[in-house]
Amino acid sequence: MPSWPIFAAERVSILHGRCHAAMIDLTHFPKHSFGGHMQPFAPLSSTSLANEAFQKIVEAITSGAFRPGEKLSEAELARQFGISRGPLREALGRLEGRLVTRTPRLGVRVIDFAAEDVEQLFLLREALEGMAARLAAERISERELADLEALLDRHSARRDIVEGRSYIQDRVDDDFHMAVVRGAKSERIEALLVDNVYYQLAMQRQRSSTRAGRTKAALAEHRDICEALLARDPERAEAAMRKHIRNARYSALAAFNN
């Protein structure tokens, strides 16, 4: 994927744990038929319309409601959101080069990445999360470690994971990787991942998590990482995280090519 600016304004206080656009709760998000029929979105409130439109567009794209390369109709989105085109265009403008592209006379489309772009982002993620795991082994609190173990126990009980259908972590408080990154206590690493990696990889993450055999393997790899953190072993933690991200990269590229 191409490089793009840091989402400083759009992070919505992620460093304080209140929101993460790339890992969202999709349970209330309307289903979208790729045949061109869209269910109505919930109307937006009158405050911060551009910010709310921005968030909803991010949710739609990262959840797979819009496909890579799909054209976005400003008129239809404005109607669905119940707002004028002004705030909508502002939101789309903030996403240009990140999740959407705008071509003169052709309009706005969801960004469509080549396989080499996806690979580059995964390589960046491996380096950053590997270092985050190393730091977390030294800095994560005992309470955070207990919460991490409890999180994996909850994941182990989820029917979709037990049955090997998917391993989607769509809320920030349910995401293993964000818990490890926060445990590293490095705002710069967290900002780089949130602003420059997770947004764009969310589309591939959704696709690769449902590949046959990947669900249970990913959970086992999470356990390996957690055990290294519990042992306070930085080298082992980094190696386990890098292996996990590498395997995720192989799975994502296989899904991408299919």
Inset, instruction - Could you walk me through whether Val100 and Ile61 pass the side-chain contact (heavy atoms from CB on, under 4.5 Å) test, one step at a time? - result: CA-CA 9 Å; Val100 304; Ile61 294 173; 3.8 Å; yes

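- The heavy-atom pair separating Val110 from Phe66 by the smallest distance is CG2-CB, 3.7 Å.
- One finds the CZ atom of Arg143 at 13.0 Å from the CG atom of Leu148 (value rounded to the nearest 0.5 Å).
- In this structure, CG in Leu77 is found 8.5 Å from CD1 in Ile83, a value given to the nearest 0.5 Å.
- The distance from atom CG of Leu124 to atom CG of Leu193, rounded to the nearest 0.5 Å, is 7.0 Å.
- Partner of Leu192 under the side-chain contact (heavy atoms from CB on, under 4.5 Å) criterion, chosen from Leu128, Val181, Val197: Leu128.
- Using modelled atom types, one side-chain atom of Glu70 and one backbone atom of Arg67 make a donor-acceptor pair closer than 3.5 Å.
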Inset, instruction - Report the C-alpha separation of Glu227 and Arg236 in whole Å, then their side-chain angles, then the decisive distance to 0.1 Å, and conclude whether the salt bridge (charged side-chain N to carboxylate O under 4.0 Å, His left out) test is met. - result: CA-CA 9 Å; Glu227 288 174 6; Arg236 180 180 163 195; 3.6 Å; yes

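- Atom CG of Asp175 is separated from atom OH of Tyr198 by 6.5 Å, given to the nearest 0.5 angstrom.
- Side-chain contact between Leu121 and Phe113 is absent, with no heavy-atom pair separated by less than 4.5 Å.
- Under the side chain to side chain contact (heavy atoms under 4.5 Å, CB included) criterion, Glu74 pairs with Arg85, Leu88, Arg89, Leu92, Arg102, Val108, sequence neighbours left out.
- Ion pairing between Glu52 and Lys56 fails under the 4.0 Å rule for side-chain N and carboxylate O.
- A donor-acceptor pair is defined here as one N or O able to donate and one able to accept, closer than 3.5 Å; such a pair exists between the side chain of Arg98 and the backbone of Arg94.
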Inset, instruction - Could you check Glu129 against His244 for side-chain contact (heavy atoms from CB on, under 4.5 Å), going step by step and ending with a plain yes or no? - result: CA-CA 10 Å; Glu129 288 203 41; His244 173 57; over 6 Å; no

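- Crowding of Lys185 atom NZ: a count of heavy atoms from other residues, nucleotides or ligands under 6.0 Å exceeding 12.
- Nearest heavy atom pair, residue Leu253 against residue Ala115, reads CD2-O, 3.6 Å.
- With Met241 as the fixed residue, the side-chain contact (heavy atoms from CB on, under 4.5 Å) test singles out one of Leu229, Ile225, Asp224: Ile225.
- Salt bridge status for Asp233 with Arg134: absent, with no side-chain N to carboxylate O gap under 4.0 Å.
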Inset, instruction - Could you go through the side-chain contact (heavy atoms from CB on, under 4.5 Å) check for Thr101 and Glu96 one step at a time? - result: CA-CA 5 Å; Thr101 58; Glu96 284 185 33; over 6 Å; no

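- Using a distance-only test at 3.5 Å, with no hydrogens or angles considered, a donor-acceptor pair links the side chain of Ser141 to the main chain of Glu144.
- The pair Arg214-Glu221 meets the salt-bridge criterion, since a charged nitrogen lies less than 4.0 angstrom from a carboxylate oxygen.
- What you find for Glu149 and Cys226 is that their closest heavy atoms are CG-SG, 3.8 Å.
- Between the side chain of Arg109 and the backbone N or O of Gly69 there is at least one donor-acceptor pair closer than 3.5 Å.
- At least one side-chain heavy atom of Arg232 sits under 4.5 Å from a side-chain heavy atom of Ile140.
- Minimum heavy-atom separation, Phe122 to Ile245: O-CG2, 3.8 Å.
- With values rounded to the nearest 0.5 angstrom, Asp147 atom CG is found 11.5 Å from Glu142 atom CD.
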Inset, instruction - Run the numbers on His155 and His222 for side chain to side chain donor-acceptor pair (under 3.5 Å), then give the verdict. - result: CA-CA 10 Å; His155 288 179; His222 283 176; 4.9 Å; no

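- A donor-acceptor contact shorter than 3.5 Å links the side chain of Ser73 to the backbone of Glu76.
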Legend entry - Derivation and outcome, side-chain contact (heavy atoms from CB on, under 4.5 Å), residues Met178 and Arg182: CA-CA 6 Å; Met178 278 306 302; Arg182 285 174 172 170; 4.1 Å; yes

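- Put simply, the side chain of Ser156 gets close to the backbone of Leu152: a donor and an acceptor are under 3.5 Å apart.
- Using a 4.5 Å heavy-atom threshold, the side chains of Arg249 and Arg125 count as separate.
- In this structure, CG in Leu135 is found 9.0 Å from CD in Glu238, a value given to the nearest 0.5 Å.
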